[in-house]
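Here's the structure we're looking at; comments come further down.
Note that ligands are numbered from 1 as they come in the structure, with each ligand's atoms numbered from 1 the same way. Since this is a predicted model, take the numbers as computed values, not measurements. If you read the sequence from its start, that first residue is 1, and numbering goes on from there.
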Amino acid sequence: MISLIYIINGPNLNLLGQREPKIYGSNTLKDVEDICIKIANKANIKINFLQSNAEHEIINWIHSAREEASGIIINPAAYSHTSIAILDALTLFDKPIIEVHISNIHKREVFRHNSYVSQKSTAVIAGFGIDGYKIALEKMIDLCSK
Ligand code: CA2
């Protein structure tokens, strides 16, 4: 069976590439999606690449992933630091979860240092720019084929 991986992006990431290039680079979220599609095609897996500015929508996608996905890659953006609701939804997902941050959140403001989502993540990647998504997807493919 071909695996399906959900790649979920949180608030404001739809504007990636349009502001703060020193922190986040100049690539857009569409560029990230294209990179992920290429990796998925090569590995013969499917991805569901999603972005929302709404917490409830992210939670509903995590619930859908319980039914159909082999793993979740998630950049919860600012919800990483605030959302117990997203943590609770991920707690109900019993397959691999990889958390991605484009920037190194530990090198930034103190309020970014804690991520609730990390408590449930199999692994966390931060500070590699958008390459973090590539690393996460390649590692997720490894995890799903074990
Ligand atoms: O480094 C990351 O990937 C973050 O998850 C990005 C979030 C931030 O709140 C987290 O602390 C770390 C912010 C996403 C904002 O998206 C952008 C929108 C426009 C231009 C640049 C980034």
Side-chain angles (χ1 to χ4, degrees), residues 3-43 45-66 68-144:
S3 290
L4 174 65
I5 309 294
Y6 270 47
I7 305 176
I8 300 174
N9 294 280
N12 299 309
L13 285 164
N14 53 312
L15 299 177
L16 191 68
Q18 295 181 29
R19 274 183 30 228
E20 300 188 278
K22 283 196 178 132
I23 300 175
Y24 298 108
S26 52
N27 290 104
T28 65
L29 199 62
K30 175 73 171 65
D31 296 331
V32 178
E33 181 174 11
D34 289 345
I35 290 165
C36 291
I37 289 170
K38 271 191 194 152
I39 295 169
N41 288 344
K42 207 169 155 194
I45 61 137
K46 296 276 174 213
I47 59 168
N48 196 1
F49 195 95
L50 302 159
Q51 188 278 328
S52 179
N53 297 322
E55 191 175 24
H56 73 273
E57 199 163 20
I58 293 169
I59 291 165
N60 287 339
W61 286 336
I62 295 168
H63 293 172
S64 303
R66 290 179 69 219
E68 57 178 22
S70 307
I72 295 176
I73 295 169
I74 184 163
N75 182 348
Y79 286 144
S80 317
H81 320 300
T82 61
S83 181
I84 296 169
I86 290 177
L87 171 64
D88 285 348
L90 288 170
T91 300
L92 302 171
F93 183 81
D94 57 9
K95 285 165 267 186
I97 297 163
I98 303 182
E99 178 181 357
V100 174
H101 295 283
I102 297 168
S103 63
N104 180 357
I105 53 174
H106 302 289
K107 224 176 147 184
R108 299 184 64 194
E109 303 96 323
V110 170
F111 64 82
R112 294 185 204 275
H113 292 183
N114 178 60
S115 166
Y116 287 106
V117 168
S118 299
Q119 291 185 32
K120 183 53 193 154
S121 298
T122 311
V124 182
I125 298 165
F128 281 119
I130 64 161
D131 285 353
Y133 288 86
K134 178 177 180 284
I135 296 164
L137 186 52
E138 287 170 350
K139 284 292 177 190
M140 184 61 85
I141 290 165
D142 284 354
L143 287 173
C144 294

Under 4.0 Å between a Lys/Arg side-chain N and an Asp/Glu carboxylate O for Lys30 and Asp34?
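Counted as a salt bridge, because a side-chain N and a carboxylate O are separated by less than 4.0 Å.
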
Verify the neighbour count for atom NZ of Lys139: are there more than 12 heavy atoms of other residues, nucleotides or ligands below 6.0 Å?
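Not more than 12 within 6.0 Å, no.
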
Angle class for the His101/His81 ring planes (parallel below 30°, perpendicular above 60°, tilted otherwise)?
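The rings of His101 and His81 lie parallel, inter-plane angle below 30°.
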
Just by distance, no angles: are the side chains of [X] and [Y] close enough, under 3.5 Å, to form a donor-acceptor pair?
X	Y	answer
Glu68	Tyr6	yes
Asn9	Tyr133	yes
Thr28	Asp31	yes

What are the polar N/O contacts of ligand 1 with the protein below 3.5 Å, with distances?
from     : atom 1 : to     : atom 2 : distance (Å)
ligand 1 : 1 (O)  : Ile102 : N      : 3.2
ligand 1 : 1 (O)  : Ser103 : N      : 2.8
ligand 1 : 1 (O)  : Ser103 : OG     : 2.6
ligand 1 : 3 (O)  : Asn75  : ND2    : 2.9
ligand 1 : 3 (O)  : Ile102 : N      : 2.7
ligand 1 : 5 (O)  : Asn75  : OD1    : 2.9
ligand 1 : 5 (O)  : His101 : ND1    : 3.0
ligand 1 : 9 (O)  : Ala78  : N      : 3.4
ligand 1 : 9 (O)  : Arg112 : NH1    : 3.0
ligand 1 : 11 (O) : His81  : NE2    : 2.7
ligand 1 : 11 (O) : Arg112 : NH1    : 2.9
ligand 1 : 16 (O) : Asn12  : O      : 3.4

